[in-house]
Amino acid sequence: MPRRGRPPRMDPEERARVILDAAERVLLSRGLQGTSMDAVAAEAGMSKRTLYELFDGRAGLVEALVRRLREGIVRPLGDVQQALPLAQRLRLLLTPERLPGTGSAALEVMRAAIAEAPHQPDLAARMLEEGPLAVRRLIREELERGMSRGEIALDDPGAAAALLHRMALPCPLERLLRTDGVDEPLEAARARVDRAVAVFLAGMAAGG
């Protein structure tokens with residue numbers, strides 16, 4: 001049985017990692033309904049008070065979990081990467097290093113968001129904000145950086161970011177409805193991003 005109480009000599013960043021690891025395990029085994037602060041605290045071997053020191057309740061915990069899952073697939077570029085040409089920046093931003101497989105916490109979060117949205121709109125809004133809307137903001141930042149450098153001309157970078165997002169990333173509904181257990185190969189996902197970026201930039205140039 002996990003020992004309760006705050007683990008010794010654990011800094012806040014490490015403690016948050018342990019808590020989010022526990023939250024993923026609870027989410028996969030019990031679903032979002034069963035992902036309570038009590039359940040996560042027990043799984044992490046910590047007191048519930050420790051969780052509240054880092055997260056403002058269950059909604060904040062789920063929001064942080066969604067953010068971590070999203071950053072495992074799409075994350076901001078570093079200073080060196082930001083100096084690259086726009087096409088390379090977009091490919092680096094959107095090309096996944098790994099994909100959520102069948103039965104993963106990322107897919108369970110998407111299922112939970114769909115199921116819980118009508119009943120818990122605040123929680124659903126926070127999941128949306130840290131998931132797809134965050135990805136679009138990152139794309140828009142790179143497009144606006146490209147505009148400031150004269151790499152691309154856009155009338156509406158927000159709409160362009162939404163378009164590229166839809167082109168480069170697969171429809172989540174298809175992933176959620178698959179029952180054959182077959183996951184998309186990482187190579188196919190990377191090839192899709194390459195094609196999407198090439199078609200997007202060519203289309204923007206032609207339109208301009």
Side-chain angles (χ1 to χ4, degrees), residues 1-79 81-82 93-94 96-141 161 165 169-170 172-173 175-177 181 183:
M1 177 180 297
R3 182 178 61 82
R4 298 187 64 81
R6 181 180 299 178
R9 297 183 299 278
M10 186 179 289
D11 61 34
E13 183 176 345
E14 175 67 11
R15 196 178 310 144
R17 185 191 64 77
V18 171
I19 292 170
L20 292 176
D21 286 346
E24 278 197 30
R25 294 192 297 270
V26 172
L27 180 68
L28 288 172
S29 63
R30 305 187 188 185
L32 186 60
Q33 288 284 359
T35 306
S36 64
M37 297 294 274
D38 285 321
V40 174
E43 179 68 25
M46 300 179 183
S47 68
K48 192 162 65 171
R49 177 180 177 181
T50 301
L51 268 64
Y52 276 104
E53 289 176 358
L54 296 174
F55 304 100
D56 63 345
R58 177 171 174 267
L61 178 62
V62 173
E63 180 182 19
L65 180 58
V66 172
R67 183 186 309 117
R68 186 170 77 160
L69 292 170
R70 185 255 306 160
E71 289 175 347
I73 301 172
V74 177
R75 70 185 71 186
L77 301 181
D79 292 340
Q81 295 170 322
Q82 288 176 4
L93 177 66
L94 295 169
E97 295 181 2
R98 61 181 177 83
L99 290 174
T102 302
S104 69
L107 290 183
E108 184 59 35
V109 164
M110 284 192 282
R111 291 190 181 95
I114 293 171
E116 294 297 319
H119 314 293
Q120 300 187 55
D122 178 64
L123 179 59
R126 294 175 76 158
M127 295 168 75
L128 181 66
E129 187 68 24
E130 281 299 335
L133 294 184
V135 174
R136 291 183 186 181
R137 285 194 298 272
L138 291 172
I139 298 173
R140 178 170 181 162
E141 287 175 7
H165 182 202
L169 301 181
L173 185 60
R175 298 294 310 281
L176 295 174
L177 293 177
D183 295 320

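Since the model is a prediction, treat every value here as computed from it, not as a measurement.
- Heavy atoms only, all atoms of each residue included: Ala39 and Gly34 are closest at CB-O, 3.6 Å.
- Minimum interatomic distance between Ser47 and Thr50 (heavy atoms only, all atoms of both residues): OG-OG1, 2.9 Å.
- Remark: Leu54 CG to Ile19 CD1 distance equals 5.0 Å, nearest 0.5 Å.
- With sequence neighbours left out, the side chain to side chain contact (heavy atoms under 4.5 Å, CB included) criterion links Ser29 to no other residue.
- At least one side-chain heavy atom of Leu20 sits less than 4.5 Å from a side-chain heavy atom of Phe55.
- Remark: Asp56 pairs with Arg126 by the salt bridge (charged side-chain N to carboxylate O under 4.0 Å, His left out) rule, at least two apart or across chains.
- Judged as a side chain to side chain contact (heavy atoms under 4.5 Å, CB included), and not counting sequence neighbours, the contacts of Leu123 are Leu32, Arg58, Ala59, Val62, Gln120, Met127.
- The side chain to side chain contact (heavy atoms under 4.5 Å, CB included) search around Glu129 returns Leu133, Arg137, not counting sequence neighbours.
- In this structure Glu13 satisfies the side chain to side chain donor-acceptor pair (under 3.5 Å) test with no other residue, sequence neighbours excluded.
- For the pair Gly131 and Arg70, the tightest heavy-atom approach, listed with the atom from each and the gap, is O-CG, 4.1 Å.
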Apply salt bridge (charged side-chain N to carboxylate O under 4.0 Å, His left out) to residues Arg17 and Glu14 and explain how you reach the verdict. CA-CA 5 Å; Arg17 185 191 64 77; Glu14 175 67 11; 2.6 Å; yes
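- Gln81 pairs by the side chain to side chain donor-acceptor pair (under 3.5 Å) definition with nothing, not counting sequence neighbours.
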Applying side chain to side chain contact (heavy atoms under 4.5 Å, CB included) to Val40 and Arg30, what does each step give before you reach the verdict? CA-CA 11 Å; Val40 174; Arg30 305 187 188 185; over 6 Å; no
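- Closest non-hydrogen pair, Thr35 versus Ala23, comes out as CG2-O, 4.4 Å.
- Applying the salt bridge (charged side-chain N to carboxylate O under 4.0 Å, His left out) rule to Arg25 yields the partners Glu43; only residues at least two apart in sequence or on another chain are considered.
- Atom CG of residue Leu69 and atom CG of residue Leu27 lie 8.5 Å apart, to the nearest 0.5 angstrom.
- Rounded to the nearest 0.5 Å, atoms CD (Glu53) and CZ (Arg15) are 6.0 Å apart.
- Legend: residues meeting salt bridge (charged side-chain N to carboxylate O under 4.0 Å, His left out) with Arg67, ordered by chain and number and at least two apart, are Glu130.
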